[in-house]
Amino acid sequence: MAAILVIEDDLTFSRILEGFLVKHGYSVETSHRGKDGLKAFAARTFDVVLLDYRLPDSNGLDILFEIKKASQHTPVVIMTGFSDIRTAVKAIKDGAHEYITKPVNPEELLMIVKQALKKEKKPAVAGTAGAASDTNDFVEGKSQASRQLHEYIRLVAPTDMSVIIEGESGTGKENVARTIHRKSQRAKQPFVAVDCGALSKELAASELFGHVKGAFTSAVMDKTGQFEAAHGGTLFLDEVGNLSYEVQVKLLRAIQERIVTPVGSNREIRVDVRIITATNDDLTESVRNSHFREDLYHRLNEFKMKVPALRERNADLDEFLDFFRGAANQELGRNVTGFDDEVLRIFHLYDWPGNLRELKNVVKRAVLLTTGNTVDITALPVEMMSAIKNPSTSPGAQAAPVYDLKVLQEVQEREMIVKTLQEARYNKSKAARILNIDRKTLYLKMEKYGIE
């Protein structure tokens, strides 16, 4: 039975979450303050952590940092209001597995928990090796920015040059790295990805270069480092700017001399790897601030490219939508055939601060909530409607409708009440408990929305 830790200060909501998850076969422990959650996490092993972003005694990102420091492989799902979406994106960068917006949809929560458990069961999270055929699903796009990106990929892939991939969080930098590997002469050899942002200062050297048994307290057996695992292939270092200065020194030596030394050993291991790095920070600024070694930067920067933000690739949006819809259909066993015109207008007007990762999540959620063949606005996070503006003031241009946010909220509320009543088999007391309202309020809302 998988164990889940819920860190949530809303007592009623945490009880609802606990009941829902227990009903689906999970062991659940709840904490209502960040410090109590960390104590609970230290006391036993959990498979997944559901973490509220806003806690009375701490910030959710601070708790995320402490959890990742203690156990980098434990998936943490951030629960947040839609207005905090940019913070949620930062949480992903800082090591969160996923985020979910409130009010939480039960089916969406269950889907994310199951995905987190699948990830937690994988043998390696910080670094995973795979053949080049692992990723054949890269959407190229037709925008000018996309064409430039793929021209750079075409030029640099056949070479053995080190590449820095820049871009905002969620733009698909790892997919770009995998595409470079797939088109390279090393394509039949391993591709190993290491999330440097998820590595603690103490474990980074061990993860990259390996260690021998007894090298430190938790080193109970020899460990092969990711450099050695990637021998002959490509090593992708994501968020390389997060590595400590000491590890940067060792990384520079490994790249220059093609030799690594496991922690606690004097044995030198020769390695042949191509280095691709990624960052959403400005490494040149980090060099100026003495946070990143200049000599290492120049070793890594044989070729640099930038992955454009989704808002810069509006011409590619429909292609991405179709791709993510197809992927969600396959994963969720649905047959959603498209999006109605209103939804497409919203998507084209929204600025997508979370880029492709956010688009993928929104599409998957919409497919999950769509009962028919076409996604309509009731399947979208309602706060997205506030981004709608008239897209053009030119003569003859067809203006997009301006939606009343309150009306849309009521549409979604009605849908939620109907679905909850169906799940509760029209037991109104049970439905009211699930919805976290009293029976009188439920009756009033049923009358308001004409629910029989």
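What you see is a predicted model; the values in this text were computed from it and never measured.
Side-chain contact between D57 and D9 is absent, with no heavy atoms from C-beta onward closer than 4.5 Å. Using a 4.5 Å heavy-atom cutoff, the side chains of I63 and F41 are not in contact. Within the 4.5 Å cutoff, side-chain heavy atoms of F339 are placed close to those of V363. A heavy-atom distance below 4.5 Å is found between the side chains of D351 and P353. Proximity of E319 to V139: side-chain heavy atoms (C-beta onward) are separated by under 4.5 Å at one or more points. Considering only heavy atoms from C-beta on, F216 comes within 4.5 Å of H211 through its side chain. Counting heavy atoms from C-beta on, the side chains of Q248 and F292 come closer than 4.5 Å. Contact of the L51 side chain with the L64 side chain is registered, since non-hydrogen atoms from C-beta on lie closer than 4.5 Å.
The line from CG of L300 to CG of L237 is 7.5 Å long, rounded to the nearest 0.5 Å. One finds the CZ atom of R154 at 13.0 Å from the CD1 atom of I180 (value rounded to the nearest 0.5 Å). Atom-to-atom distance recorded for E358:CD and L310:CG is 9.0 Å, nearest 0.5 angstrom. With rounding to the nearest 0.5 Å, the separation of CG in L442 from CD1 in I434 is 10.5 Å. Here the straight-line distance linking atom CZ of R325 with atom CG of L321 works out to 9.0 Å at 0.5 Å rounding. Atom CG in D340 sits 7.5 Å away from atom CD1 in I377 (nearest 0.5 Å).
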- Message: I'd like to know whether R311 forms a side chain to side chain contact (heavy atoms under 4.5 Å, CB included) with W352, so could you lay out the CA-CA distance, the side-chain angles of the two residues, the decisive distance to 0.1 Å, and finally the verdict.
- Response: CA-CA 7 Å; R311 61 183 174 276; W352 299 107; 5.8 Å; no
- Message: Walk me through whether E151 and R147 qualify under salt bridge (Lys or Arg N to Asp or Glu O under 4.0 Å).
- Response: CA-CA 6 Å; E151 176 63 14; R147 290 199 299 268; over 6 Å; no
- Does the pair T374 and V336 meet the rule for a side chain to side chain contact (heavy atoms under 4.5 Å, CB included), with working shown? CA-CA 6 Å; T374 306; V336 175; 6.0 Å; no
- Check step by step if side chain to side chain contact (heavy atoms under 4.5 Å, CB included) holds for R365 and I100. CA-CA 10 Å; R365 178 183 187 275; I100 185 170; over 6 Å; no
- Item | CA sep, side-chain torsions, deciding dist, call: L50, I7, side chain to side chain contact (heavy atoms under 4.5 Å, CB included) | CA-CA 6 Å; L50 299 180; I7 306 177; over 6 Å; no
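Considering all non-hydrogen atoms of both residues, K68 and G95 come closest at CE-O, 3.0 Å. What you find for L5 and A40 is that their closest heavy atoms are CD1-CB, 4.1 Å. Across every non-hydrogen atom of V362 and P381, the tightest pair is CG1-CD, 4.2 Å. L368 approaches R334 most closely through the heavy-atom pair O-NH1, 2.7 Å. Minimum interatomic distance between L369 and A379 (heavy atoms only, all atoms of both residues): CD1-O, 4.0 Å. When every heavy atom of S143 is checked against every heavy atom of A315, the shortest pair comes out as CB-CB, 4.0 Å.
No side-chain donor-acceptor contact under 3.5 Å links N355 and T171. N373 and T337 share no side-chain donor-acceptor pair at under 3.5 Å. Checked by atom type, the side-chain pair S169/R357 shows a donor-acceptor distance below 3.5 Å. In this structure, a donor-acceptor pair under 3.5 Å is present between the side chains of H181 and T234. A side-chain N or O of E207 and one of Q226 form a donor-acceptor pair less than 3.5 Å apart. In this model, a donor atom of one side chain and an acceptor atom of the other lie less than 3.5 Å apart for R313 and S146.
The environment of F65 atom CZ is sparse: at most 12 non-hydrogen atoms of other residues, nucleotides or ligands sit within 6.0 angstrom. Atom CD of Q330 has 12 or fewer neighbouring heavy atoms from other residues, nucleotides or ligands inside a 6.0 Å radius. Heavy atoms from other residues, nucleotides or ligands lying under 6.0 Å from NZ of K360 number 12 at most.
Looking only at distances, a side-chain donor or acceptor of N427 sits under 3.5 Å from a matching main-chain atom of S429. For E108 (side chain) and K364 (main-chain N/O), no donor-acceptor pair under 3.5 Å exists by modelled atom type. Although no hydrogens or angles enter the test, the distance criterion places a donor-acceptor pair under 3.5 Å between the side chain of T179 and the main chain of N175. For D47 (side chain) and I4 (main-chain N/O), no donor-acceptor pair under 3.5 Å exists by modelled atom type. Judged by distance alone, the side chain of N289 and the main-chain N or O of H291 form no donor-acceptor pair under 3.5 Å. Looking at K304, its side chain never comes within 3.5 Å of a backbone N or O of I165 through a donor-acceptor pair. When atom types are taken as modelled, the side chain of T279 and the backbone of D281 share a donor-acceptor pair closer than 3.5 angstrom.
Identified under the salt bridge (charged side-chain N to carboxylate O under 4.0 Å, His left out) test for residues 427-444, with sequence neighbours left out: none.
With sequence neighbours left out, F303 forms a ring pair (Phe, Tyr, Trp, His ring centres under 6.0 Å) with Y152.
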Indicate every side-chain donor-acceptor pair of residues 12-35 with a distance under 3.5 Å to a residue at least two apart or in another chain.
unit_1	atom_1	unit_2	atom_2	d
S14	OG	D10	O	3.2
S14	OG	L11	O	2.8
H24	ND1	F20	O	2.9
E29	OE1	R44	NH1	3.4
H32	ND1	E8	O	3.0

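A salt bridge does not link R345 to E342: none of the charged nitrogens lies less than 4.0 Å from a carboxylate oxygen. Between E166 and K306 there is no salt bridge, since none of the side-chain N atoms of the basic residue sits less than 4.0 Å from a carboxylate O of the acidic one. Ionic pairing of E423 and K419 is not present here: no N-O contact between side-chain nitrogen and carboxylate oxygen is shorter than 4.0 angstrom.
Ring geometry, F191 versus F236: the interplanar angle falls under 30°, so the pair is classed parallel (tilted spans 30 to 60°).
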